[in-house]
Amino acid sequence: MKPSIPQGTRDFSPIEVRKRQYIFQTLKNIFECSGFQPLETPAMENLSTLMGKYGDEGDRLIFKILNNGLDNIEKRAKIEAGFLQILSGKNTSDITERALRYDLTIPFARYIAMHQNDIAFPFRRYQMQPVWRADRPQRGRYREFWQCDCDVVGSTSLLNEAELLCIYQNAFHKLQIPDISVKLNSRKILAGLAELADAPNQLTDITVALDKLDKIGWDGVKRELEQRGISEKGILAIEKITQIEGNNDTKLRELSVIMQGIEIGQRGIEEIQQTLHYYETLKQENWQGQIVIDFSLARGLNYYTGIIVEVTTGAVKMGSIGGGGRYDDLTGLFGVKGLSGVGISFGIDRIFDVLDELQLFPQNLTSTTQVLIINFGGENEPYALSVLQYLRAKGIASEFYPDAVKFDKQMKYANKRGIPFVLLLGDDERANQKVSLKNFNTGEQKLMSLNEVVETISANV
RNA sequence: GAGAUAUUAGCUCAGUUGGUUAGAGCGUCGGAUUGUGGUUCCGAAGGUCGUGGGUUCGACCCCCAUAUGUCUCCCCA
């Protein structure tokens with residue numbers, strides 16, 4: 001049979017895994033350094049946990065798992081009735097009661113609700129796991145992909161927002177991605193905008209349209225707003241606000257004037273000011289990324305209630321590589337009221353593409369093996385094995401070519417694997433109780449003792 | 001869920017208005033070189049032209065279906 005993998009999934013070859021691990025490890029170090037704790041949840045959740053949390057479109061994209069035992073003859077009537085329900089577009093636990101994780105946020109909320117008595121709040125957690133969506137695959141869009149979330153739950157302080165901004169800046173600084181913009185806005189400002197536009201109940205309509213500004217331009221947004229029944233006067237107000245220019249202080253001041261008397265808008269402005277104030281005192285001097293206030297930033301997700309952020313780089317033509325925001329009452333759905341959270345997410349796959357395109361991955365990711373011992377066979381094999389054992393005990397990643405095949409084949413193997421050193425120990429070396437070490441980068445080869453080998457290789461790392 | 005487009009050797013791609021044995025580069029393998037890789041030279045292997053039907057004397061080429069990739073819409077990371 002012809003081997004294949006399901007649509008929208010990928011194999012990760014060794015070099016790709018190393019590159020991905022480099023990203024994961026970089027982020028993990030930053031999270032841990034800021035006191036965040038790791039969390040993992042199951043690949044599958046009960047379907048009832050996920051359904052109704054992501055909207056109608058989301059429900060359709062959840063991968064559902066067929067129950068086992070559907071061929072049980074005794075339950076046949078029940079199962080057939082269940083299938084009729086499925087055919088009419090409704091789910092039933094008689095046919096499917098589990099589903100693959102769709103994102104990391106809802107399982108996180110479920111986790112908090114289940115373990116609220118054991119958790120020390122405020123709870124800071126990070127989570128890096130795959131999620132699955134039955135979407136149609138496109139470039140940079142997969143049915144299995146990794147999310148990386150970092151949240152603080154159980155505190156309403158804007159210090160948390162500032163800390164997360166620091167995490168973004170620190171992460172992209174460490175990954176050396178140039179021209180980073182962290183765009184900042186507040187759902188409260190958008191709510192004020194809806195009031196200003198005489199459409200306080202159409203916040204969602206306005207945000208969905210506004211979210212497309214980058215993609216379809218103002219004319220496109222205007223058309224959408226018209227279609228959604230926003231008045232001409234309202235559209236004019238929205239346009240005016242998206243056109244505010246200047247530095248962050250200027251933007252906030254101008255907005256404050258326009259939002260005169262609109263309480264929720266003013267609160268949004270104050271929150272951003274306070275967050276930026278905290279950020280300025282927390283940030284490191286060498287971070288290059290910019291924080292840019294952008295009143296057109298909307299983000300589609302409806303559960304955001306306060307500050308929202310999105311990260312882009314001007315260095316590569318690509319969508320956002322991260323996003324997040326404040327959400328009040330995320331756990332309310334699971335019966336835990338009054339817990340506010342704020343979180344950010346990293347788009348791992350897109351970050352991978354950016355680093356690949358800009359060639360920002362470290363050079364030494366190809367192999368961890370430092371030295372290959374050439375196999376000369378016969379009497380030399382036991383000597384080679386004792387050297388192998390010695391080097392490993394000294395903490396030097398080493399390999400012994402397992403077959404005594406032709407010399408150039410073994411050399412080609414080392415070259416292809418990107419192994420920096422080759423150790424030759426044949427009859428001559430064994431007679432002198434020495435070894436020949438060849439450096440593949442310089443081509444230089446020297447007869448030396450094992451101690452010197454350890455020193456030379458250690459100095460090279 | 002809707003539309004468009006592509007699929008030829010391990011990889012990247014040529015090709016034929018429908019006519020015997022489908023080509024190249026790179027890679028792989030063998031040799032020059034059984035103790036010197038990355039450079040060079042010589043040689044070889046490798047394809048039922050994505051899959052299944054149909055039209056035709058004859059299909060890699062035309063038609064239909066299907067799988068997978070890519071693009072647009074929808075939605076999203």
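Excluded from the calculations below are hydrogen atoms, water molecules and symmetry mates; all remaining heavy atoms, backbone and side chain alike, are included. By convention in this document, chain letters (A, B, ...) are assigned in the order of the sequence lines, proteins followed by strands, and residues within each chain are numbered from 1.
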Please classify the nucleic acid contact of A:D408 as base, sugar-phosphate, or nothing, using heavy-atom distances under 4.0 Å. sugar-phosphate
Span that lies between the P atom of B:rG25 and that of B:rC41, in whole angstrom: 12 Å
Between A:R139 and B:rC71, is there a contact of a side-chain N or O with OP1 or OP2 at under 4.0 Å? yes
Among B:rC74, B:rG37, B:rG35, find the nucleotide with the atom closest to the side chain of A:F407. B:rG35
Rounded to whole angstrom, note down the C1' distance from B:rU28 over to B:rG46. 9 Å
Under a plain distance cut-off of 3.5 Å, with no hydrogens placed, do A:R299 and A:T207 share a side-chain donor-acceptor pair? no
Side-chain contact, heavy-atom cut-off 4.5 Å: A:W132 with A:R143? no
State whether A:Q7 places a side-chain N or O below 4.0 Å from either non-bridging phosphate oxygen (OP1 or OP2) of B:rG69. yes
Categorize A:Q410 for me: base, sugar-phosphate, or nothing, with a 4.0 angstrom heavy-atom threshold over every strand shown. nothing
For RNA chain B, determine which residues of residues 36-58 of chain A have any heavy atom closer than 4.0 angstrom to one of its atoms, and list them numerically. A:E57
Looking at every strand, decide which applies to A:E429 at a 4.0 Å heavy-atom threshold: base, sugar-phosphate, or nothing. base
The nucleotide from B:rG35, B:rG38, B:rG3 with an atom nearest the side chain of A:L424 is B:rG35
Should A:K416 be listed as having a side-chain N or O under 4.0 Å from OP1 or OP2 of B:rU28? yes
Quick one: does NZ or CZ of A:R430 land under 6.0 Å from the six-membered ring centre of A:Y383, within 45 degrees of the ring axis? no
Interatomic distance at P, B:rA24 relative to B:rC64, whole Å: 34 Å
Say we look at B:rA22 and B:rA14: how far apart would their C1' atoms be, to the nearest angstrom? 11 Å
Among B:rG37, B:rG30, B:rC71, the nucleotide that comes nearest once only the side chain of A:M411 is considered: B:rG37
What nucleic acid atoms does A:D428 come within less than 4.0 Å of, heavy atoms only: base, sugar-phosphate, or nothing? base
Indicate, with a heavy-atom threshold strictly under 4.0 Å, whether A:Y413 touches base, sugar-phosphate, or nothing. nothing
Nucleotide nearest A:N415 when distance is taken to its side chain, options B:rG38, B:rC71, B:rA77: B:rG38
Just call it for A:K438: base, sugar-phosphate, or nothing, with non-hydrogen atoms closer than 4.0 Å on any strand. base
Is it true that the NZ or CZ of A:R326 lies under 6.0 Å from the centre of A:Y304's six-membered ring and within 45 degrees of the ring axis? no
Write down the distance separating the P atoms in B:rG10 and B:rG50, rounded off to the nearest Å. 13 Å
Of all the nucleotides listed (B:rC74, B:rG69, B:rG35), which has the minimum atom distance to the side chain of A:R141? B:rC74
Using the P atom in both, what is the distance from B:rG23 to B:rG52, to the nearest Å? 23 Å
